[in-house]
2 protein chains.
Amino acid sequence: MSNLKQLAQSLGLSITTVSRALDGYPDVSPVTRERVREAAALTGYRPNASARRLRKQRAELVAVTLPSDPGHIGPPHFLDMLSGCAEHLATAGLNLVIAPVPRGESELDMCRRFVDGQRVDAMLLVRTKRRDERVEFLQARGIPFVTNGRTESALPHPYLDGDGFAGFQAASLRFHADGHRRIAHIAGPQDYYFAHVRCMGWQAAMEESGLSSELCAEGAPTEQGGYLAALELLRHPRRPTAIVCATDEMAIGALRALREIEGGETISIVGHDDLPTGAYTSPPLSTMRMAGENLGRSFASLLLRAIAGEPSEELQELHPIEFVDRESHRRSPPNA
Amino acid sequence: MSNLKQLAQSLGLSITTVSRALDGYPDVSPVTRERVREAAALTGYRPNASARRLRKQRAELVAVTLPSDPGHIGPPHFLDMLSGCAEHLATAGLNLVIAPVPRGESELDMCRRFVDGQRVDAMLLVRTKRRDERVEFLQARGIPFVTNGRTESALPHPYLDGDGFAGFQAASLRFHADGHRRIAHIAGPQDYYFAHVRCMGWQAAMEESGLSSELCAEGAPTEQGGYLAALELLRHPRRPTAIVCATDEMAIGALRALREIEGGETISIVGHDDLPTGAYTSPPLSTMRMAGENLGRSFASLLLRAIAGEPSEELQELHPIEFVDRESHRRSPPNA
DNA sequence: GTCCATTTCCAAAACGTTTTGGCTTGATCC
DNA sequence: GGATCAAGCCAAAACGTTTTGGAAATGGAC
């Protein structure tokens, strides 16, 4: 509506003075400062965002790219995370834009568009792959970014991740300690870092316990993927007595498979993500979760510090994994 | 990186010509146009977003405000919807920013901030209440917007909604036709339009069938809310034999209550939203859903048409509700 | 050769802010 | 009384685009 020029004219002051008064510069007398502020509040003046952005050479925007597999963008609580992130970014005057990748375009193209048009000050990357071309691109361009999940990039970069290796190792060892000797893993697609590292954690536990690593089935990171993978495992001549699932969604699909197969209810299972729904499945799903609350806020904080120029090495958070014990991890103990 | 001036200089042309060549104006000769385009593609030139926005007086942004109840922002597939919306908006050069409402601030304040700073060209409102101050504000300001869900506003405004009344009426009548005579409703908070209208649909069916409307319990629109409401209903001296739940999340909570109570497994239940998880509950949850695919795209389309100035009356979509029959709606038929 | 129309290009203004580098004014100091 | 200084204000430039209103060159008609 109103702009600085009109406000200045109505006050009989220059644009400069009004601008500086509102920004609290010391070279404006307290009395004029107050006068300006009152007038601004009265007319509901707010600086034009585009103009400020142009002048300050900052987009005041952070983008997060969303993979566009229909139906499954990360875990359902992902939006909560984004929301928390956006909320914290807003306190620094930044807004979060969501940028789904249209079919036929790569996530890299998306990044390029945002970066080259100077549309964003930083980017948030999710679903990192072990070798992630987005990371390489942004590193080359020198654009601040934070990833949700690590990568195998040669150069260090800011990330926030859970220690999936330790988590899945511990979960598998727990099953071993409970007497299980045939412990299976339902793995996610191995080009994703998180899926790979969880699988490695399970494998390490198997080796450590002297157990076989043959009971591993890979599937899509969805209920359907978990369901199919579980069916595959259950076809094995010597069935597993416990299953460690890469995600809760996969675990929920696996639970369905267990219900459909005779004797399936005696098989223990554990997932990862702590989906709200997990408490309401039958049996209630035992699971794991990244420790720490309000992770969105942590992402925002990392982003802001990356924008401020802090070195990448200091912007890496590896959170421990904690167990959420419900019932599915201790069904009838194995007697074989 | 590079800007129009540099590009123009390197080509020995004026800024004007380069700009118009890239925009395909007819007063640039085909040969120079090609020359310019090649150079632009080569250097990866993209116009500075802020500058264009300032000059064109458009923010190229649409905001969606997110209520900040921790843990529950609409149904889990909400992000899919937003993603679809953002994707379609992007084809028109608009980006979608998510704007969670910080504690201590109202959704109205958020709207005001975005609108007065000319940060957005339009807004998307979710979780509409029957009387919604955001709607009133935006109408007064003349800012384009679309709501997810109707309101009781005096003036018409663009919306996209499911016909909850008809859906819940039909679901309740189906139970009646199946022989149920004690049909309960688990309702959401009644100041939300969707919750209110679903409750009304159930009530209408009760009247139509000559049944009592006493079996109604209200709760928070979460698993927990549904769980508690179900427990309340089951304490009634003459239990319901069927329950119509305002949302799937509430229905999933209610299912848990049914499992905990003796004889609960004979009670039929139906939800609304068609959450992916519903197919994996025990029993698989029968539910309802708004007809139409890619609703996000519909939202985007409505937004674009609202920005283009189409009258509100033509931007109202009321989608029918369709049933998704799984198992929970036909447990052992009532014999009382 | 003159005139007109068409093609092709461009200088300058505008969008609304922030920031630089002053300019006045009045007080203080010697 | 002149030099010095601080306080308070401001004109103008800059950010990078789009758009307006021509200007120069070309070609054709007479």
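Labels below follow one simple rule: chain letters A, B, ... track the order of the sequence lines, proteins then strands, and each chain is numbered from 1.
Between A:K56 atom NZ and C:dG16 atom C1' the separation is 14 Å, expressed in whole Å. In this structure, CZ of A:R33 is placed 13 Å from C1' of D:dC9, rounded to the nearest angstrom. Rounded to whole Å, the distance from CG on A:L54 to P on C:dA14 is 17 Å. Counting to the nearest Å, the P atom of D:dG8 and the CZ atom of A:R35 are 14 Å from each other. To the nearest angstrom, C1' of C:dT17 lies 14 Å from CD of A:Q6. Summarising the geometry, the separation between CD on A:E60 and C1' on C:dT17 is reported as 11 Å, rounded to the nearest angstrom. Here D:dA14 presents its C1' atom at 12 Å from CG of B:N3, a figure rounded to the nearest Å. Whole-Å rounding puts the A:R119 CZ to D:dC15 P distance at 21 Å.
Contact check, B:Q57 against C:dG16: a side-chain N or O comes under 4.0 Å of OP1 or OP2. Within the 4.0 Å cut-off from OP1 or OP2 of D:dC9, not a single side-chain nitrogen or oxygen of A:T17 is found. Residue B:Y45 places none of its side-chain N or O atoms closer than 4.0 Å to OP1 or OP2 of D:dG16.
Looking at heavy-atom distances under 4.0 Å, B:R20 makes contact with a base. If you check every strand for non-hydrogen atoms under 4.0 Å, B:S50 touches nothing. Contact annotation for A:S29: backbone-only contact, meaning every heavy-atom pair under 4.0 Å involves sugar-phosphate atoms and none involves a base. Looking at heavy-atom distances under 4.0 Å, B:I15 makes contact with a base.
A donor and an acceptor atom, one from each side chain of B:S301 and B:S298, are nowhere located under 3.5 Å apart. Looking only at atom types and distance, the side chain of B:T17 has a donor-acceptor partner in the side chain of B:S14 under 3.5 Å away. In this structure, a donor-acceptor pair under 3.5 Å is present between the side chains of A:S29 and A:T32.
Counting atom types as modelled, B:R55 pairs a side-chain N or O with a base atom of D:dT18 as donor and acceptor under 3.5 Å. With hydrogens and angles ignored, no donor-acceptor pair closer than 3.5 Å exists between the side chain of B:R52 and the base of D:dT17.
Remark: B:R119 engages A:E60 in a salt bridge (Lys or Arg N to Asp or Glu O under 4.0 Å) (not counting sequence neighbours).
For A:R35 (side chain) and A:P30 (main-chain N/O), no donor-acceptor pair under 3.5 Å exists by modelled atom type. Side-chain atoms of A:T151 do not come within 3.5 Å of backbone N or O of A:T128 as any donor-acceptor pair.
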Next item on the list: Do nucleotides 22-27 of chain D as a string where each nucleotide becomes B, S or -: B if the base has a protein heavy atom under 4.0 Å, S if just the sugar-phosphate does, - if no protein is that close.
Entry: ------
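For A:Y25, counting side-chain heavy atoms from C-beta on, the closest listed nucleotide (D:dG16, C:dG16, C:dT19) is C:dT19. Of the candidate nucleotides D:dT18, D:dT17, C:dG16, D:dT18 has the atom lying nearest to any side-chain atom of B:S19. Distance from the side chain of A:T16 is smallest for D:dA12 among the nucleotides D:dA12, D:dC15, D:dT20. Checking D:dC9, D:dT17, D:dC10 against the side-chain heavy atoms of B:L4 singles out D:dT17 as nearest. With C:dT18, C:dC10, C:dG16 as the candidates, the nucleotide lying closest to the side chain of A:A51 is C:dG16.
Along DNA chain C, the nucleotide nearest A:R46 and the nucleotide nearest B:V18 are compared for position; the residue whose nucleotide lies closer to the 5' end is B:V18.
With a 6.0 Å cutoff to the six-membered ring centre and a 45° limit on the axis angle, B:R130 does not count as a cation-pi contact of B:Y192.
A:F137 CZ to A:S106 OG: the interatomic distance, rounded to the nearest 0.5 Å, is 10.0 Å.
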